[in-house]
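Structure, as structure tokens:
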Amino acid sequence: MKIYTKTGDKGQTALYGGTRVSKASARVESYGNIDELNSFIGISKSHINDEEVSKQLKKIQFDLFTVGSEAATPVDKLMLANGKSRLSLIISDTEIEELENWMDAFEEKLDPLQYFILPGGGKSATFLHAARTICRRAERSLVFLNESEEVRPELIKYLNRLSDYLFVLARYISKINNEPEEYWNPNER
């Protein structure tokens, strides 16, 4: 089987379930942003030497494929004609709580925030900050999609929590790598 199909040469693609749409549609934009986020998390992971953090990021990448597959599936195609779910996995409160637990564990080891942090703090932390901003874009694109087509709220909630996790993780990675954070303090301009 060849990787190219030529079916998208005129600017359309097939969603999960077979519906063809423009590659400029809100749905394609949303799962494209999720895919980009997943790639940036992979870049971040390649610069992190902490085994536990790498395991968490691998799990998040897996979960993002789950989010992306649902984002690529119109709501009316989520169920098959036989009544079974088209998707074998969906994001639930379990994955959201997992992110919260990981964040809580990192925050116990961090100094409280007093100012906004400038994105940076070393190579791996900087990539995590970039992933955080891509995550916010992915979240916004799902919210935009939800204005015209239904999106399960757990998907938006997951991305919202993931962006928080990426921020806390960037701070944690800076700390364990002894890379100082730079603050945005309007009084020190």
Side-chain angles (χ1 to χ4, degrees), residues 3 13 16 27-73 87-113 116-143 145 151-184:
I3 192 70
T13 191
Y16 202 39
R27 186 169 296 281
V28 175
E29 177 74 14
S30 70
Y31 70 74
N33 287 330
I34 293 164
D35 188 34
E36 182 182 355
L37 168 61
N38 207 338
S39 296
F40 255 82
I41 288 175
I43 292 168
S44 302
K45 187 174 71 175
S46 73
H47 292 281
I48 292 174
N49 295 319
D50 184 287
E51 186 176 333
E52 182 59 30
V53 170
S54 292
K55 283 173 46 179
Q56 290 176 10
L57 291 175
K58 183 177 181 179
K59 170 69 166 58
I60 288 166
Q61 287 187 292
F62 183 91
D63 290 344
L64 284 172
F65 261 91
T66 304
V67 172
S69 67
E70 189 168 345
T73 308
L87 305 174
S88 59
L89 292 172
I90 60 171
I91 292 297
S92 70
D93 286 336
T94 301
E95 289 79 20
I96 295 163
E97 290 168 8
E98 184 174 50
L99 291 172
E100 292 169 351
N101 292 333
W102 290 339
M103 272 189 285
D104 292 344
F106 292 140
E107 284 188 317
E108 287 177 9
K109 300 170 186 169
L110 296 171
D111 295 331
L113 278 176
F116 286 105
I117 295 174
L118 298 175
K123 188 179 284 190
S124 52
T126 302
F127 282 127
L128 288 165
H129 281 295
R132 174 185 54 79
T133 64
I134 295 167
C135 188
R136 289 287 190 206
R137 179 168 17 102
E139 178 188 5
R140 289 190 307 272
S141 66
L142 273 181
V143 169
L145 173 62
V151 172
R152 274 190 333 109
E154 290 84 357
L155 300 182
I156 296 168
K157 189 175 178 181
Y158 180 83
L159 290 179
N160 182 274
R161 206 68 79 250
L162 178 57
S163 65
D164 295 336
Y165 166 89
L166 292 167
F167 175 77
V168 172
L169 180 58
R171 292 193 69 216
Y172 176 74
I173 291 297
S174 288
K175 181 178 175 115
I176 65 172
N177 289 340
N178 294 313
E179 297 163 338
E181 295 176 324
E182 295 182 49
Y183 302 105
W184 180 74

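No hydrogens, no waters, no symmetry mates; every other heavy atom, side chains included, goes into these values.
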*Are the side chain of Glu95 and the backbone N or O of Ser92 linked by a donor-acceptor pair below 3.5 Å?*
yes

_Test your reading of the model: is there a side-chain donor-acceptor pair from Arg171 to the backbone of Asp111, 3.5 Å cut-off?_
yes

*Find out whether Ile134 and Ile41 are in side-chain contact, i.e. whether some heavy atom of one side chain is under 4.5 Å from a heavy atom of the other.*
no

_Parallel, tilted or perpendicular, judged at 30° and 60°: which one describes the rings of His47 and Phe127?_
parallel

*Are the side chain of Ser174 and the backbone N or O of Ala125 linked by a donor-acceptor pair below 3.5 Å?*
no

*asked:* Once rounded to the nearest 0.5 Å, what's the spacing between atom OG of Ser163 and atom NE2 of His129?
replied: 12.5 Å

*For Glu29, does its backbone N or O pair with a side-chain atom of Asn33 as donor and acceptor, under 3.5 Å?*
yes

*How would you list, by chain and number, every residue that makes a side chain to side chain donor-acceptor pair (under 3.5 Å) with Tyr172, sequence neighbours excluded?*
none

*Going by an N to O cut-off under 4.0 Å, is there a salt bridge joining Glu139 and Arg136?*
yes

*How far apart are the C-alpha atoms of Leu128 and Ile48, what are their side-chain angles, what is the distance that settles it, and do they pass the side-chain contact (heavy atoms from CB on, under 4.5 Å) test?*
CA-CA 10 Å; Leu128 288 165; Ile48 292 174; 4.0 Å; yes

*NZ of Lys157 to CG of Leu99: how many Å apart, nearest 0.5 Å?*
11.5 Å

*Trace of the side-chain contact (heavy atoms from CB on, under 4.5 Å) decision for Ile117 with Trp184*: CA-CA 6 Å; Ile117 295 174; Trp184 180 74; over 6 Å; no

*Kindly compute the distance separating CD1 (Ile156) from OG (Ser30), expressed to the nearest 0.5 Å.*
9.5 Å

Under 3.5 Å, which donor-acceptor pairs do the side chains of residues 61-70 form with other protein atoms, sequence neighbours left out?
from: Gln61; atom 1: OE1; to: Lys45; atom 2: NZ; distance (Å): 2.7
from: Gln61; atom 1: NE2; to: Asn38; atom 2: O; distance (Å): 3.1
from: Gln61; atom 1: NE2; to: Asn38; atom 2: OD1; distance (Å): 3.1
from: Asp63; atom 1: OD1; to: Lys59; atom 2: NZ; distance (Å): 3.1
from: Asp63; atom 1: OD2; to: Lys59; atom 2: NZ; distance (Å): 2.8
from: Thr66; atom 1: OG1; to: Phe62; atom 2: O; distance (Å): 3.4
from: Ser69; atom 1: OG; to: Phe65; atom 2: O; distance (Å): 3.4
from: Ser69; atom 1: OG; to: Thr66; atom 2: O; distance (Å): 2.9
from: Glu70; atom 1: OE1; to: Arg152; atom 2: NE; distance (Å): 3.3
from: Glu70; atom 1: OE1; to: Arg152; atom 2: NH2; distance (Å): 3.1
from: Glu70; atom 1: OE2; to: Arg152; atom 2: NE; distance (Å): 2.6

_Nearest-0.5 Å distance that lies between atom CE in Met103 and atom CG in Leu162_ = 8.5 Å

*Has Glu182 got more than 12 heavy atoms of other residues, nucleotides or ligands less than 6.0 Å from its CD?*
no

*Taking atom CG of Leu57 and atom CD of Glu52, what is their separation to the nearest 0.5 Å?*
10.0 Å

*Excluding sequence neighbours, so at least two apart, what forms side chain to side chain donor-acceptor pair (under 3.5 Å) with Glu100?*
Arg161

*Excluding sequence neighbours, so at least two apart, what forms side-chain contact (heavy atoms from CB on, under 4.5 Å) with Ser46?*
none

*Could I get the full list of ring pair (Phe, Tyr, Trp, His ring centres under 6.0 Å) partners for Phe40, not counting sequence neighbours?*
none

*Could you pull out all residues at least two apart from Tyr158 that satisfy ring pair (Phe, Tyr, Trp, His ring centres under 6.0 Å)?*
none

*asked:* A side-chain contact here means heavy atoms from C-beta on lying under 4.5 Å apart; do Thr73 and Tyr31 qualify?
replied: no

_If I take atom NZ from residue Lys123 and atom CG from residue Asn177, how far apart are they, to the nearest 0.5 angstrom?_
12.0 Å

*Distance-minimising heavy-atom pair for Cys135 and Leu166*: CB-CD1, 4.1 Å

*Exceeds 12 heavy-atom contacts within 6.0 angstrom, atom NZ of Lys175*: yes

_Tell me if the CG atom of Asn49 is crowded by more than 12 foreign heavy atoms within 6.0 Å._
no

*asked:* Within the 4.5 Å heavy-atom criterion, are Ile34 and Leu155 side-chain neighbours or not?
replied: no

*Could you walk me through whether Ile173 and Leu169 pass side-chain contact (heavy atoms from CB on, under 4.5 Å), step by step?*
CA-CA 6 Å; Ile173 291 297; Leu169 180 58; 3.8 Å; yes

